[in-house]
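Working notes, beginning with the structure itself.
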Amino acid sequence: MSTVPYAYTGSTKNPKRSLWERSSSAEVTGDRGDFSEWSEKEETNIKGKQAAGLLGPRIVIIGAGMSGLLMAIKLKEAGLDNFILCEKGTDVGGVWRDNTYPGLKCDIPAHMYTYSFESNPSYKQRFAAGSEIRSYLERVAVKFDLRSKIRFGKSIESAVFDEPNGRWLLSSQDGETLVADIVVWAGGILHQPKLPDITGREGFAGHSFHTARWEHRINLRDQRVGIIGTGSTGVQVVAAIASDTKHLTVFQRTPHWIFPLPNRNYNLASQEHVRHWPGYAKFLRWSYTMLFQWTFARAVTGNAMLQKLMQWQSQYFLNRKVKDRVLLKRLTPDYKAGCKRMILARGYYEALQRSNVTLVDSSIQRIVPNGVVTCDGTHHELDVLIYATGFHAHQYMRPMKVIGVEGKSLDDTWSESVFAHRSVALPGFPNFFMLLGPQSPIGNFSAISVAETQVKYLMHLIEEIRSGRCDLINPKQEITEVLDRKITEGMSKTVWVSGCNSWYLDDKGKTTMWPWTFERFRAELKRPQLDEFRMTQKSSKADSNSLLNDPQIQTMLTR
Ligand code: N01
């Protein structure tokens with residue numbers, strides 16, 4: 001196969017520009033022009049498109065999970081083929097690839113968790129198993145012919161804005177440097193497992209692991225298992241493994257509210273309906289979206305009546321499932337429902353009342369080699385310890401180093417708190433975009449709907465670049481500050497700040513979510529208002545490759 005490098009010859013508007021420039025100077029350690037992943041047919045296609053001026057700017061998408069795949073599909077649809085996805089893992093799927101714990105289910109109705117343009121007739125249940133969603137995403141990657149665009153095992157460690165040349169230089173862990181005109185970070189929110197800071201954790205002598213790194217080789221049967229954490233994940237795990245362990249000890253720091261939305265099986269006939277009638281699939285997606293939009297999404301963003309109704313239903317569910325007054329009291333939260341993310345799950349309360357399960361709500365004092373010691377002095381002997389302790393939700397792309405205009409780093413920009421311009425961009429980081437970034441609507445809602453809104457918005461911005469109206473798009477600092485202030489003010493009405501601790505809050509107690517309804521988010525992101533951005537041309541049209549050798553930049557990258 002030919003491995004002819006495509007030489008970068010000019011600005012993003014130049015139809016003869018590169019597919020992927022691998023810079024040839026000292027900064028780059030990869031071989032020049034090794035396009036071994038590209039088939040000859042693809043190369044011919046690419047050359048044809050280059051000649052026709054169809055390729056457009058070089059775009060790197062970081063992450064091949066749900067939102068990265070979506071971005072890629074929409075770029076392809078728009079004829080913008082000059083992109084790759086860099087995926088640190090070995091397959092697509094993001095959190096659905098990483099999380100394989102027993103009991104993993106989508107905690108919103110799965111027909112709502114599909115792309116609007118691609119239904120999934122194969123779902124077997126309303127709350128589909130994680131493996132079904134993973135298979136769906138794998139199928140989507142094949143159907144939309146994205147796999148050849150994905151560089152698996154490529155973890156991007158830094159992104160530096162090469163200001164003189166108006167481009168981004170991305171370095172991966174294997175020493176390669178990629179050049180991009182546009183970067184779209186699609187790395188997800190809940191992808192960095194958080195282990196608790198408990199004395200003695202390292203000294204535990206049995207098997208221990210985080211739920212997002214489940215050790216399937218360990219057979220839990222005949223083992224004394226402990227699990228720390230009773231959030232959405234812990235509750236699903238407990239319900240699934242309780243009957244498969246010799247003894248299960250559940251360490252609860254705070255009880256969580258559970259909402260009783262029933263699951264249901266989809267039989268073959270119902271799957272066939274979805275397969276053959278696209279209108280029916282759309283109807284299902286729409287009706288669940290409406291249900292969640294008009295209930296949960298409103299209950300948490302200021303509708304006091306709906307919040308009370310949600311809490312009443314959750315309390316009623318708990319009262320019905322737990323008859324023991326003492327246990328009932330220990331499981332009843334003392335904060336408003338929705339303050340922590342509402343759990344939609346079944347089977348947890350039943351599991352807790354099994355004879356081989358113990359709920360422990362005394363605080364953990366320390367972990368010892370053969371178990372956990374709680375503050376009441378009890379020593380809980382364990383063979384296996386599972387951490388269902390959540391994720392570093394406020395890290396976003398970090399620890400990746402990102403350095404923007406005038407050498408300002410992302411760490412400095414976000415030193416007070418994370419924020420974004422309309423959840424997708426950042427002042428001082430031109431052409432660097434995010435999906436599901438800070439201030440995106442999260443909570444009990446479909447992240448796919450959120451990502452679709454953001455991708456549509458970004459496609460308008462990318463079109464400005466592709467068409468040549470500008471090379472660089474950078475949100476105005478002053479506008480972002482005003483928007484950020486409004487969002488912070490809007491937060492005061494949400495239930496998230498009503499007096500509980502959750503992953504919605506950062507370590508300063510600030511939430512970094514969208515505080516209003518999803519409809520408002522969609523309306524505000526319908527199209528970009530271009531006067532919110534500085535749209536400029538590159539000062540230089542010739543790439544040079546000295547930036548990564550700059551000692552100042554090198555210091556920042558190693559800091
Ligand atoms: O994490 P969490 P999660 N000592 O942060 C406890 C999504 N999700 O993985 O409540 C003792 O909610 C902590 O206690 P407390 C969903 O968005 C989706 O469960 O802080 N305990 C809490 O109980 C969800 O919201 C799906 O007092 C400690 C738990 O660990 C998000 O992921 C399925 C502790 C952490 O709960 C995160 O859920 C599952 C310590 N030192 C999850 N540190 C699907 O849709 C933490 N805890 C498939």
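Whatever order the structure lists ligands and atoms in, that order sets their numbers, starting from 1.
- The side-chain heavy atoms of I73 and F117, taken from C-beta on, include a pair separated by under 4.5 Å.
- Counting only N and O atoms by type, the side chains of N319 and Q315 include a donor and acceptor under 3.5 Å apart.
- The pair R354-E350 fails the salt-bridge criterion, with no side-chain N (NZ, NE, NH1 or NH2) lying under 4.0 Å from an Asp/Glu carboxylate O.
- Annotation: cation-pi geometry not satisfied between R275 and W277 (NZ/CZ under 6.0 angstrom from ring centroid, within 45° of ring axis).
- If you check the side chains of H111 and S119, you find no donor sitting under 3.5 Å from an acceptor.
- Near ligand 1, residues W96, Y101, L104, K105, C106, D107, L190, P196, I228, G229, T230, G231, S232, T233, Q236, R253, T254, H256, K340, R341, A388, T389, G390, F391, W503 each place a heavy atom inside the 4.0 Å sphere around the ligand atoms.
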(request) Before giving the answer on side chain to side chain donor-acceptor pair (under 3.5 Å), spell out for Q454 and S423 the whole-Å C-alpha distance, their side-chain angles and the decisive distance to 0.1 Å. (result) CA-CA 8 Å; Q454 293 171 327; S423 75; 2.8 Å; yes
